[in-house]
Each structure stands twice: as structure tokens, then as C-alpha cells.
Amino acid sequence: MLVVLISILIRVVPTLYTNNVFSNDSWPLLHASNYVLLHPNEKIFSLSREFEHHVLYPVAIVESALYVLITGTSVDVFYKLVGVVLLTLAMALSAYILAKYLSYSYKASILSTLALTLVPWFTTYTSAYLKEFYAHALLLLLIYVVAKMRKPCGGFLALLLIISTALVFSHPLTTLMAVAILASWFFVNLVHFALWRHRLTVSYSMAIASVTVLLMHLVHSLVLAREFVVINAEDVAMLVLYAGGIYGCYVLLGKASSILIVPAFVLSTIAILKVITVPLAYTAFFFIAPPVLLLSMGSEDISGDSDASRLATSALLVVAVIFVFISTYMAELLSVLHRVLNYVIYAAVPVAALLAERYGRLWSILSGVLLALSILVAITVAAGANPYTFYWRYTDHDTMLTAFLEEHTELSVFGDPKYSQASRAVNSIPVHVLRNLCTFGEGALVASRDDLKYGVPLSPVDFFKLDDSVLLCRSRVFDSGYVYVFA
């Protein structure tokens with residue numbers, strides 16, 4: 001219980017500090033929940049013009065609306081605190097039962113559950129009620145069901161269909177990662193048995209689950225989300241080549257494959273740092289630390305013959321393929337790379353169980369250090385002192401802005417994702433507007449003090465540094481001391 005309490009408390013630090021919803025990605029869901037509650041007779045899938053792709057993956061929206069209807073809690077309170085607490089509880093429980101199955105040790109299972117809070121960027125990302133946060137809890141549960149029920153039976157198929165349906169309607173990236181991790185797990189088991197003659201633990205439930213989730217995702221994409229799905233055959237072929245190279249390296253070198261995979265991560269990071277505009281030091285730590293840490297610390301254990309080591313290997317191989325593919329070939333997807341790195345957590349949970357069993361005291365000390373780091377990151381994010389996540393944070397200044405915009409509906413306002421997602425009155429700001437602020441006369445600009453300091457976030461890896469001339473060539477019509485409107 002203490003571990004779960006710690007996990008919850010760290011995740012609600014930003015909200016408790018600001019008394020506002022955390023993360024710009026929460027606002028589209030909050031708006032959709034409010035709309036669904038006000039218009040209960042409308043079909044949620046018909047609202048894609050109003051709420052884009054968010055309503056096509058409606059599990060998080062539906063849960064919030066049901067909770068509000070049943071308990072009478074306000075939507076704001078749910079998205080501030082209740083939703084985060086519920087998802088943290090669900091994710092921690094899923095991680096615990098999975099670790100308990102993999103290690104059979106209470107101590108190792110507890111430390112594995114704590115691992116969900118030891119990766120600072122994952123902890124920060126899951127400090128808000130998001131579709132993908134919901135999906136992470138489901139994927140951990142799906143992996144447990146697949147690991148537990150090695151022989152497909154009626155109960156397994158029923159659970160598989162229920163969890164897979166919820167997963168597919170939760171988030172598309174997590175669904176695809178589920179397909180990849182389960183298929184990778186099946187492949188790694190085959191390699192261990194066929195090449196290294198380790199005990200046979202190949203479970204066809206892994207392959208069945210992977211194919212089931214994939215088919216359900218394809219049906220959903222073709223029937224409901226067709227307008228949001230773009231597939232390029234050449235890109236898919238290149239992804240297959242990348243996967244063939246990295247998995248081939250694993251087959252040929254086995255445990256020594258980390259000798260090549262770690263440098264590949266580092267070189268890919270160097271390629272990333274040459275094209276992105278976010279703060280350098282934080283980004284270098286963000287991209288290099290998790291794979292290098294896990295691959296180096298867990299190399300001995302991951303190469304072993306256990307369910308936990310094979311699951312960790314499977315997850316790391318998937319992350320390695322996508323990381324190297326995006327950073328060296330498909331740079332236009334760099335904005336989602338931080339989300340891909342979140343899936344290192346599916347290696348962290350089994351690796352934590354292995355290390356807790358083998359190096360209990362040392363791992364406990366290291367867990368304490370990593371936990372302190374997560375707490376420090378949570379505090380800096382909450383205080384607005386983090387140059388990477390400043391636009392995830394909302395304060396009373398932003399509430400004042402909303403009130404101002406409601407009184408001045410005649411203004412055509414542009415702003416960064418923080419403001420365009422939180423307020424319907426703010427339009428997403430095009431790059432050509434940022435480059436020609438003094439000559440562009442068709443609207444006002446919302447900018448925060450941090451926008452002027454760090455740059456306007458066009459994406460998680462691309463910040464546009466505003467020219468100081470914006471302060472001179474436009475008049476300031478709103479000033480809260482932190483948020484400004486230039487017209």
C-alpha cells in the first residue's frame with residue numbers, strides 16, 4: 001500500500017501545487033466529457049468533426065462521464081485528481097500481479113510496482129488523466145493474462161476479447177505497441193528454445209493475443225478512424241528492414257547484442273539532437289538514459305532463461321527498433337518519440353523483479369535514488385521550472401486568460417498547444433504567423449512568459465524562439481503577469 005500511495009502522491013504533485021488540470025493533452029478529453037454529459041443522446045463516434053480523433057478512442061472519456069454521473073463529482077475534479085488516482089491504482093495493481101507471477105516474491109513484486117514511478121518522464125507523463133495512461137494499465141493486464149494462461153481456453157479467449165476491445169478503443173499507439181511486444185515475446189521464446197535450447201516456454205497465447213489485437217485494431221481503423229490513418233508502403237518496408245537488422249543482431253549475438261544496440265541508441269540520439277530545438281541537456285538525458293540504463297544493468301539477467309528476462313528483452317527490442325527507425329529515417333515522427341520511450345517501462349517492471357531477487361539491497365538503494373529523482377522532477381514540473389514541460393502546467397493566470405477571452409469573443413486569437421487545446425477561443429498557431437508576427441495582422445497572439453523565455457512549443461521537440469520585436473510591434477491587450485495577449 002505504501003508503494004501505491006507514493007506512486008499516487010508523486011503523480012498528483014502538479015495538480016496539488018497549481019490546483020489546475022495538468023497537461024495540455026487532458027483538455028480535449030475534458031471538453032469531450034463535458035459535451036457528452038450535456039448531450040447524452042448523441043453518438044460519440046459522430047463527434048469526430050468537433051473533437052477529432054479523441055472520440056474515436058473514447059474509453060477514457062466514457063469512464064470519466066460515467067464516474068461523474070454516478071458520484072456527482074465535477075468533471076474538473078475528475079480530471080484534476082480522481083482520474084489520475086484511479087488509473088495509478090489500476091496500473092499499480094496490474095504491474096503487481098504481473099511481477100508476482102514473474103518472480104513469486106513479495107519483495108520483488110513490490111519493487112517492480114515501484115518501478116512504474118522510478119522513470120521520471122513516464123511518471124510525469126502519467127500525472128494526467130490521458131487516453132494513453134488508461135491504455136498502459138490495460139496493456140500490463142493483458143501481458144499478465146497472456147503470461148498466466150499459456151494454454152488457450154474459453155476463459156482466456158473471453159478475457160482477451162474484453163481487454164483487447166478496451167485497449168483498441170483506448171489509444172492507437174499502445175494498441176500497436178501491444179501487438180509488437182506480444183509478437184516480440186513469442187519470437188524471443190522461439191529463439192531461446194530453437195537456438196539456445198533453453199526450456200520450452202513458448203506459449204501460443206502470445207501469438208493469438210498479438211493477432212487478435214492487430215485484427216481488432218485494423219477493423220477499428222478501417223471502419224471508424226479511416227480519415228486519420230495514413231499508411232505508406234515504403235515506410236512500412238523500411239520499418240521491416242530496421243526490425244530485421246536489430247532482431248537479426250539479437251539472434252546472432254544473443255546477450256552480446258547489447259554491445260551493438262546501446263551504441264545504436266547513442267548514435268540515434270546524436271542524430272536527434274542535431275534537428276530538434278528543445279533544451280539540450282534535458283533532452284540528452286531523456287533519450288539516452290533509459291535504454292542505456294536498462295540494457296547495461298539488466299544485461300546479465302535479461303540474457304537468462306526466465307519469463308521475466310524474456311519479457312524485458314522483448315520490450316527493449318521493440319523500443320530499439322522504433323527508436324532507431326524514427327531518429328535515423330522518419331524524423332517527422334520525432335514528436336511521438338518520447339511516448340515510444342515510455343514503453344521502456346515494460347522492461348523496467350520485469351528487470352526490477354530480477355534485480356530485486358538477485359541484488360536486493362543494492363537495488364533497494366538504487367530505487368531510493370531513482371525515486372528521489374522522480375520526486376525532484378515532479379516538483380520542478382509543478383513549479384514551472386522545467387524547460388521541457390512548462391506548457392503542460394496550468395495556473396490561475398491561465399484561468400484569468402480564459403475569463404478574458406470569454407468577454408472578448410470578437411478577437412481572433414492564436415496560441416501554442418497549451419492554449420489552443422485548453423480553450424476553444426484559441427486557434428493553433430501556424431509557423432508562418434510566428435515568423436511574421438509584426439506583419440501578420442489577422443488576429444491576436446497568446447504567449448506566456450515561458451514562451452518568451454524558452455520558445456513557443458510547436459511540438460514536443462520543436463520550440464520556436466520568438467523575436468523580441470513582438471513586444472514592440474504589437475500592443476499588449478491582456479497581461480496577467482505571466483500570460484499576455486498581443487494584438
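For Y242, the side-chain hydrogen bond (donor to acceptor under 3.5 Å, both in side chains) partners at least two apart in sequence or on another chain are T328. For E50, the salt bridge (charged side-chain N to carboxylate O under 4.0 Å, His left out) criterion is met by R424, not counting sequence neighbours. In this structure, the ring pair (Phe, Tyr, Trp, His ring centres under 6.0 Å) partners of Y79, at least two apart in sequence or on a different chain, are Y129.
The shortest side-chain heavy-atom distance between L241 and M238 falls under the 4.5 Å cut-off. Proximity of I345 to V119: side-chain heavy atoms (C-beta onward) are separated by under 4.5 Å at one or more points. By the 4.5 Å heavy-atom criterion applied to side chains, V68 and S33 are not counted as neighbours. In this structure, V377 and T124 have side chains that are in contact, with non-hydrogen atoms separated by less than 4.5 Å. By the 4.5 Å heavy-atom criterion applied to side chains, S423 and V426 are counted as neighbours.
Between L371 and L114, the shortest heavy-atom contact is CD1-CD1, 4.3 Å. Annotation for T123 and L116: closest pair OG1-O, 3.7 Å, computed over non-hydrogen atoms. Scanning all heavy atoms of the two residues, the minimum distance from T18 to P14 falls at OG1-O, 2.9 Å. Listed here is the closest heavy atom pair of L86 and F78: CD1-CE1, 4.1 Å. Contact detail for A60 and K131: the closest heavy-atom pair is CB-CA, 4.2 Å. Nearest heavy-atom pair, V318 versus S184, reported as atom, atom and distance to 0.1 Å: CG2-CB, 3.7 Å.
In this structure, K418 is positioned above the aromatic face of Y394, its NZ or CZ under 6.0 Å from the six-membered ring centre and within 45° of the axis.
Between atom CG of residue N24 and atom CD of residue Q421 there is a gap of 4.5 Å, rounded to the nearest 0.5 Å. Atoms OG1 and NE2, from T126 and H136 in turn, are 7.5 Å apart once rounded to the nearest 0.5 Å. Here the OG1-CH2 distance, from T313 to W185, works out to 11.5 Å after rounding to the nearest 0.5 Å. Taking CG of L141 as the reference point, atom NZ of K148 lies at 13.0 Å (rounded to 0.5 Å). To the nearest 0.5 Å, the span separating CD1 on I322 from OG on S327 amounts to 11.5 Å. Annotation: the span from N34 atom CG to L29 atom CG amounts to 11.5 Å, rounded to 0.5 Å.
The aromatic rings of W27 and H31 sit tilted relative to each other, their planes meeting at an angle between 30° and 60°. Under the 30°/60° scheme for interplanar angles, the aromatic rings of Y57 and H220 are found to be tilted.
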Worksheet item: Would N20 and T15 count as a side chain to side chain contact (heavy atoms under 4.5 Å, CB included) if you check the C-alpha gap in whole Å, the side-chain angles of each, and the deciding distance to 0.1 Å?
Response: CA-CA 6 Å; N20 274 274; T15 293; over 6 Å; no
Discussion item. Walk me through whether L167 and H217 qualify under side chain to side chain contact (heavy atoms under 4.5 Å, CB included).
Written reply: CA-CA 9 Å; L167 184 61; H217 175 70; over 6 Å; no
Practice prompt. Quick one: do S26 and S23 satisfy side chain to side chain contact (heavy atoms under 4.5 Å, CB included)? Show the steps, please.
Written response: CA-CA 6 Å; S26 294; S23 177; 4.0 Å; yes
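Aromatic rings from Y247 and F187 are positioned such that their centres are separated by under 6.0 Å. The distance between the ring centers of F122 and Y125 does not fall below 6.0 angstrom. Checked against the 6.0 Å centroid criterion, the rings of F133 and H171 do not qualify as a close aromatic pair.
The pair R339-D25 counts as a salt bridge, with a side-chain nitrogen and a carboxylate oxygen less than 4.0 angstrom apart.
Donor-acceptor pairing under 3.5 Å is recorded for the side chains of T117 and S7.
With a 6.0 Å radius and a threshold of 12 heavy atoms from other residues, nucleotides or ligands, F45 has its CZ atom above the threshold.
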